[in-house]
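Single-structure report; data block below.
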Amino acid sequence: MSNDDIQPTEKAQDFIRDAVREDLKNGRFNHIRTRFPPEPNGYLHIGHAKALIIDFGIAEESGGECNLRFDDTNPTKEDVEYVDAIKEDIEWLGFHWANEFYASDYFEQIYQMAVKLIQKGKAYVDEQTAEQVSKNRGTLTEPGVESPWRNRPAAENLALFERMKNGEFPDGSLTLRAKIDMASGNINLRDPVMYRILQTPPHHRTGSQWKIYPMYDFAHGQSDSLEGVTHSLCSLEYEAHRPLYEWFLRELEIFAPRQIEFARLNMNYTVTSKRKLLKLVKENHVRGWDDPRMPTLCGLRRRGFTRAAVRDFVARVGVAKNDSVIDVALLEHCLRDDLNKRAPRRMAVLRPLKLVIDNYPDDLTEEMSAVNNPEDPAAGTRPLPFCKELYIEQEDFQETPQPKYFRLFPGNEVRLRYAYFVKCTHAVKDAAGNVIEVHATYDPNTRGGDAPDGRKVKSTIHWVSARHAIPAKVRLYDRLFRDPDPEAGEGFLQNLNPASLEILPACQLEASLAEARPGEKFQFERIGYFCADADGTPGKPIFNRAVSLKDTWAKVAGKG
RNA sequence: UGGGGCAUGGUGCAAUGGCAGCACACCGGCCUUUGGAGCCGUGGAUCUUGGUUCGAAUCCAGGUGCCCCAGCCA
């Protein structure tokens with residue numbers, strides 16, 4: 001996959017890059033190495049795109065490298081399914097990791113580090129139950145109570161820890177804890193658990209080899225250290241863990257990376273917590289992780305997002321420490337911005353209404369020339385067949401026009417894009433009074449769309465030839481939640497937008513769209529940007545609406 | 001009420017002691033063979049109180065508000 005589509009952005013400037021530059025300048029580090037550390041227990045989403053771009057971007061900019069390291073220290077939640085999906089998403093964004101690592105690669109070394117701390121008298125095996133540990137941790141305002149096992153002799157701790165490793169104790173019966181400070185104002189320092197016993201679940205890589213697993217705090221920093229990571233960039237919630245991160249490194253006397261925290265990316269009308277995303281999938285509120293309404297990278301991709309748009313979006317969001325909620329309109333803007341420049345234009349009628357040109361020869365077919373992309377002359381033109389019977393959009397005709405409506409209505413003349421001026425004569429209705437057919441006459445002198453006498457029309461509408469168009473299904477996607485804050489009121493499941501998906505089963509498309517390959521994107525003129533879905537088959541495509549064209553008419557109509 | 005962090009237009013990000021700027025959104029105009037795009041323009045912000053300084057969004061002190069931490073999750 002080439003990266004030609006990714007526009008080189010101006011060199012970003014933010015407090016992390018400042019710190020990195022400073023570390024290089026003052027010699028704290030002489031090269032840069034970062035890591036992207038997902039836990040393989042869910043799919044990557046738009047929030048991860050920010051982390052990805054920071055981790056990989058900063059490494060690239062400074063001539064360094066970025067490792068992909070799966071933080072797989074909890075076998076009860078993790079699975080290879082996620083490993084593969086995560087790698088695919090990173091590649092889609094156009095990033096290349098220097099090494100593919102797993103925290104589980106270091107289990108033996110991390111175990112030896114624990115032994116070292118025990119020997120130093122800095123760790124002990126605790127026999128308290130989980131409830132006791134919790135109770136004795138104290139509260140935000142009261143110090144904790146030291147465990148009765150806290151001063152167990154090192155030799156005894158060593159023996160017990162080895163027996164834990166050998167699987168001699170049931171889950172939850174013992175833990176290995178760091179001996180730090182039960183009275184610390186930072187609760188993370190109140191003798192945090194380093195290892196817990198997990199007998200049963202097979203680990204996705206190490207199988208049943210291990211009966212004990214290190215906690216995040218006792219695995220992440222050392223993994224960074226072992227890899228020679230210079231900058232361990234993570235989100236704000238790890239700020240209170242930094243003293244612990246540094247404590248372990250110091251006590252272990254190993255290379256110390258620098259951890260820097262930044263605010264994660266939140267968007268309105270969107271949820272990004274793994275728990276909520278999983279719930280949406282499991283309870284079938286959406287059709288899987290890659291449902292085009294999901295903020296997952298695979299969902300955005302299926303929706304029709306380009307990686308250029310995603311990367312541009314993240315770049316515009318910036319990096320800071322403020323908790324923030326980005327307007328989803330910015331994401332949409334970035335997609336339009338990218339696709340406007342690159343997506344070929346096509347004719348598509350979503351809600352067809354037959355238009356009959358009464359004075360046009362019954363059997364004649366003419367080929368009109370249509371511009372593929374007005375923003376890109378190199379995209380060329382294509383022929384568009386035109387004949388007596390066409391389909392136009394239902395909303396492009398009004399029998400009695402509302403104010404400021406300039407499209408088709410009896411007596412009004414409009415331009416059929418790239419074809420002729422046509423003047424509406426009358427409409428035909430069914431027994432129920434619905435308009436089922438519109439009739440018009442055309443002016444043969446306006447072929448191509450210009451009137452030699454210089455007269456103007458106030459609007460241009462799109463069309464397809466009824467004889468040549470292909471039927472197709474189109475899915476119209478909208479925001480998944482109707483409230484900017486999905487958690488407002490009763491919670492996110494109660495704020496689902498019932499109109500987030502509308503399926504239009506009987507659209508009529510320009511014939512060239514028949515062979516669209518899944519993932520191909522087009523602008524349907526006057527409507528929006530659409531992406532061919534993998535559910536379609538050759539000759540029977542299905543399109544997803546990625547984003548509508550900005551439609552100021554909707555506002556005019558709303559005001560009227 | 002312990003510890004840590006953050007406060008700049010509606011939203012997000014800049015300004016690193018020297019004219020508060022950019023983007024999105026919004027509003028208005030021009031242009032248009034997409035009511036798209038493009039072009040031009042309007043309005044709107046430094047949480048608060050005091051201090052230092054010729055000069056403070058920036059430095060100092062107090063106050064207020066919001067976020068994170070009491071998993072054998074990450």
Side-chain angles (χ1 to χ4, degrees), chain A residues 13-15 18 37-39 41 71-74 76-78 126 128-130 133-135 137-144 171-177 183-190 192-198 212-213 215-217 219-220 234-243 261 263 265 268 274 313 316-327 329-334 336-337 340-341 345 347 370-371 374-375 404 406-407 415-419 421 448-450 456-462 484 523-529 548-557:
Chain A
Q13 215 46 63
D14 54 69
F15 76 99
D18 288 345
E39 182 186 15
N41 71 340
D71 231 331
D72 56 350
T73 57
N74 184 357
T76 64
K77 292 187 173 177
E78 296 148 9
D126 194 358
Q128 294 183 105
T129 63
V133 169
S134 172
K135 185 162 167 272
R137 187 152 15 232
T139 69
L140 294 180
T141 51
E142 298 158 330
D171 288 10
S173 56
L174 301 173
T175 57
L176 182 71
R177 292 230 258 163
S184 173
N186 181 347
I187 290 178
N188 297 116
L189 261 20
R190 319 243 263 230
V193 171
M194 295 160 58
Y195 266 92
R196 77 286 214 182
I197 299 171
L198 258 21
I212 56 174
Y213 290 89
M215 298 288 290
Y216 165 85
D217 285 309
H220 201 92
C234 59
S235 48
L236 251 27
E237 68 260 34
Y238 292 101
E239 215 149 20
H241 291 250
R242 181 160 21 100
E261 310 84 10
L265 188 158
N268 56 14
K274 283 183 185 177
F313 169 68
R316 294 191 198 217
V317 162
V319 182
K321 297 189 77 159
N322 289 350
D323 289 310
S324 58
V325 181
I326 314 297
D327 191 342
L330 180 60
L331 215 212
E332 293 168 349
H333 166 83
C334 292
R336 288 192 189 99
D337 198 38
N340 176 49
K341 289 178 232 147
R345 279 37 355 175
M347 297 287 209
V371 172
E375 307 291 320
K404 294 195 176 171
F406 303 128
R407 288 172 275 176
R415 172 166 39 235
L416 293 177
R417 177 143 232 228
Y418 299 126
F421 281 15
D450 280 311
K456 303 283 187 193
V457 288
K458 296 209 85 167
S459 87
T460 300
I461 66 174
H462 64 279
Q523 184 199 94
F524 290 176
E525 294 219 15
R526 301 210 302 133
I527 303 174
Y529 294 96
S548 63
L549 242 33
K550 204 177 286 179
D551 184 10
T552 47
W553 164 249
K555 253 175 270 160
V556 174

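Below, read A as the first sequence line, B as the second, and so on, with proteins coming before strands; counting in each chain starts at 1.
- Separation of the C1' atoms belonging to U11(B) and C69(B) is 28 Å when rounded to the nearest angstrom.
- In this structure, Asn340(A) reaches the bases: a heavy-atom distance under 4.0 Å links it to at least one base atom across the strands shown.
- Both Tyr529(A) and Val319(A) lie near RNA chain B, and the one whose nearest nucleotide falls closer to the 5' end is Val319(A).
- Met194(A) has its CE atom 14 Å from the P atom of A74(B), to the nearest Å.
- Taking atom C1' in both C67(B) and A14(B), the straight-line distance is 22 Å, to the nearest Å.
- Residue-level contact check: Arg190(A) touches neither bases nor backbone, having no heavy atom under 4.0 Å from any strand.
- Between the side chain of Glu78(A) and the main chain of Asn74(A), a donor-acceptor pair closer than 3.5 Å is present.
- Each of C73(B), C13(B), G2(B) was ranked by its minimum atom distance to the side chain of Thr141(A); first place goes to G2(B).
- Among the atoms of the strands shown, none is found under 4.0 Å from any heavy atom of Pro243(A).
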Item to check | Pair assignment for RNA chain B - dot-bracket with | for other-strand partners, Watson-Crick or G-U under 3.5 Å | outcome: .((((((..((((....[..))))..((((.......)))).....(((((..]....))))))))))).....

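- OP1 or OP2 of A74(B) lies within a sub-4.0 Å distance of a side-chain N or O belonging to Thr73(A).
- Put simply, the side chain of Phe313(A) reaches to within 4.5 Å of the side chain of Ile326(A), judged on heavy atoms.
- Note on Lys550(A): a side-chain N or O is less than 4.0 Å away from OP1 or OP2 of A25(B).
- Separating the CG atom of Asp18(A) from the P atom of U16(B) is a distance of 11 Å, rounded to the nearest angstrom.
- Separating the P atom of A25(B) from that of A20(B) is a span of 27 Å, rounded to the nearest Å.
- Side-chain atoms of His220(A) and His241(A), non-hydrogen and from C-beta on, never get closer than 4.5 Å to each other.
- With sequence neighbours excluded, no residue forms a side-chain hydrogen bond (donor to acceptor under 3.5 Å, both in side chains) with Arg196(A).
- The closest donor-acceptor contact from the side chain of Arg336(A) to the backbone of Ser548(A) lies under 3.5 Å.
- Residue contacts shown for Val371(A) are absent, as no nucleic acid heavy atom lies under 4.0 Å away.
- At G12(B), none of the side-chain N or O atoms of Asn322(A) fall inside 4.0 Å of OP1 or OP2 (strictly under the cut-off).
- Between G10(B) and U16(B), the two P atoms lie 23 Å apart (nearest whole Å).
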Table of protein N/O atoms under 3.5 Å from nucleotides 69-72 of chain B N/O atoms:
unit_1: A70(B); atom_1: O2'; unit_2: Arg137(A); atom_2: NE; d: 3.4
unit_1: C72(B); atom_1: OP1; unit_2: Arg137(A); atom_2: NH2; d: 3.1
unit_1: C72(B); atom_1: OP2; unit_2: Arg137(A); atom_2: NH1; d: 3.3
unit_1: C72(B); atom_1: OP2; unit_2: Arg137(A); atom_2: NH2; d: 3.3
unit_1: C72(B); atom_1: N3; unit_2: Gly172(A); atom_2: O; d: 3.2
unit_1: C72(B); atom_1: N4; unit_2: Gln128(A); atom_2: O; d: 3.1
unit_1: C72(B); atom_1: N4; unit_2: Ala130(A); atom_2: N; d: 3.2
unit_1: C72(B); atom_1: N4; unit_2: Gly172(A); atom_2: O; d: 2.9

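- Side-chain atoms of Arg190(A) come within 3.5 Å of backbone atoms of Arg137(A) as a donor-acceptor pair (strictly under, hydrogens ignored).
- Picking from G35(B), G36(B), C73(B) the nucleotide with the shortest atom distance to the side chain of Arg407(A) gives G35(B).
- Side-chain contact between Leu198(A) and Ile212(A): absent, with no pair of heavy atoms (C-beta onward) separated by less than 4.5 Å.
- Glu525(A) comes within 4.0 angstrom of a base, heavy atoms only.
- Val457(A) comes within 4.0 angstrom of nothing in the nucleic acid, heavy atoms only.
- Checked against A74(B), A14(B), C6(B), the side chain of Asp71(A) finds its nearest nucleotide in A74(B).
- Between the C1' atoms of C39(B) and G65(B), the separation comes to 42 Å (whole Å).
- Residue-to-nucleotide contacts include a donor-acceptor pair under 3.5 Å from the side chain of Glu375(A) to the base of G36(B).
- At C24(B), one or more side-chain N or O atoms of His333(A) fall inside 4.0 Å of OP1 or OP2 (strictly under the cut-off).
- Considering only side-chain atoms of Arg345(A), the nucleotide from G35(B), G36(B), C67(B) that sits closest is G36(B).
- In this structure, Tyr216(A) and Tyr238(A) have tilted ring planes: the angle between them lies in the 30° to 60° band.
- Atom C1' of nucleotide C26(B) and atom CD of Glu332(A) are separated by 16 Å, given to the nearest angstrom.
- Within 4.0 Å of Arg316(A), counting heavy atoms only, lie sugar-phosphate atoms of the nucleic acid but no base atom.
- Summarising the geometry, the separation between CG on Asp323(A) and P on C68(B) is reported as 7 Å, rounded to the nearest angstrom.
- Distance from the side chain of Leu549(A) is smallest for U34(B) among the nucleotides U34(B), A25(B), A14(B).
- For the pair Phe15(A)/Lys321(A), a side-chain contact is recorded, criterion being any heavy-atom separation below 4.5 Å from C-beta on.
- Considering only side-chain atoms of Arg526(A), the nucleotide from G35(B), A23(B), G5(B) that sits closest is G35(B).
- For the pair Lys458(A) NZ and U34(B) P, the computed distance is 15 Å after rounding to whole Å.
- Rounded to whole Å, the C1' atom of C31(B) lies 11 Å from the corresponding atom of C40(B).
- Against the 90° criterion about 0, the sugar-base torsion of G71(B) places it in the syn range.
- Of all nucleotides listed (G12(B), A14(B), G36(B)), A14(B) comes nearest to the side chain of Asp14(A).
- Summary of the strand contacts: Val317(A) and Gly449(A) both lie near RNA chain B, and taking for each the nucleotide with the nearest heavy atom, the more 5' one is attributed to Val317(A).
- Nucleic acid contact class of Gln523(A) (heavy atoms, under 4.0 Å, all strands): base.
- Contact of the Asp18(A) side chain with the Gln13(A) side chain is registered, since non-hydrogen atoms from C-beta on lie closer than 4.5 Å.
- We find that CG of Asp327(A) is positioned 12 Å from P of C24(B), with the value rounded to whole Å.
- One interatomic measurement links the two molecules: CZ of Arg417(A) to P of G35(B), which rounds to 8 Å at whole-angstrom precision.
- In this structure a side-chain-to-backbone donor-acceptor pair under 3.5 Å is present from Thr139(A) to Thr141(A).
- The backbone N or O of Gly449(A) sits less than 3.5 Å from a side-chain atom of Arg415(A), completing a donor-acceptor pair.
- Annotation: A23(B) and A7(B) have their P atoms spaced 23 Å apart (nearest Å).
- If you check every strand for non-hydrogen atoms under 4.0 Å, Tyr213(A) touches nothing.
- To the nearest whole angstrom, the two C1' atoms, one in U52(B) and one in C60(B), are 7 Å apart.
- Atom CZ in Phe15(A) sits about 12 Å away from atom P in A15(B), given to the nearest Å.
- By the 4.5 Å heavy-atom criterion applied to side chains, Leu549(A) and Ile527(A) are not counted as neighbours.
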